[in-house]
Amino acid sequence: GVLRAELKTGAQHELLDDNTSVIVNTIRTETQAADRTAIVLGARLDWSLTDALEVGIGYEPTFAENWYNHNVDFAIKLAF
């Protein structure tokens, strides 16, 4: 099989300047102001086991001054 690795880095800026109010049915949630810049990093590893089967895992953290986010994904690709 073939092992493929990927690394990435970037920056992201959100332009919303004030708080946002989200209302669903009777639940109201206030969000923080989103005028912020974040650093986005990423790593991914995919392994082609056969011509028809590939598995992979990825991790992408995002860091800003007042928040952070971690995204992990798993993939199974089957061609038929």
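- Under a cut-off of 6.0 angstrom, the local environment of CG in L3 is crowded, with over 12 non-hydrogen atoms contributed by other residues, nucleotides or ligands.
- Residues A64 and T37 come closest through the heavy atom pair CB-O, 3.7 Å.
- Counting only heavy atoms from C-beta outward, the side chains of L53 and I76 approach each other to under 4.5 Å.
- Other residues, nucleotides and ligands contribute only 12 or fewer heavy atoms inside 6.0 Å of the OH atom of Y68.
- Ion pairing between a basic and an acidic side chain is recognised when a charged N comes within 4.0 Å of a carboxylate O; E54 and K77 show such pairing.
- The aromatic rings of Y59 and H70 sit parallel, their planes meeting at an angle under 30°, below the 60° perpendicular limit.
- Hydrophobic clustering places V72 together with L45 (ILVMFWY residues linked when any side-chain heavy atoms are closer than 4.5 Å, directly or through intermediates).
- Looking at heavy atoms from C-beta onward, E60 lies out of side-chain contact with N69 at the 4.5 angstrom threshold.
- Distance CG/D73 to CD1/I57: 8.0 Å, rounded to 0.5 Å.
- Note on L7: it does not cluster hydrophobically with L41, by side-chain heavy-atom contacts below 4.5 Å among ILVMFWY residues.
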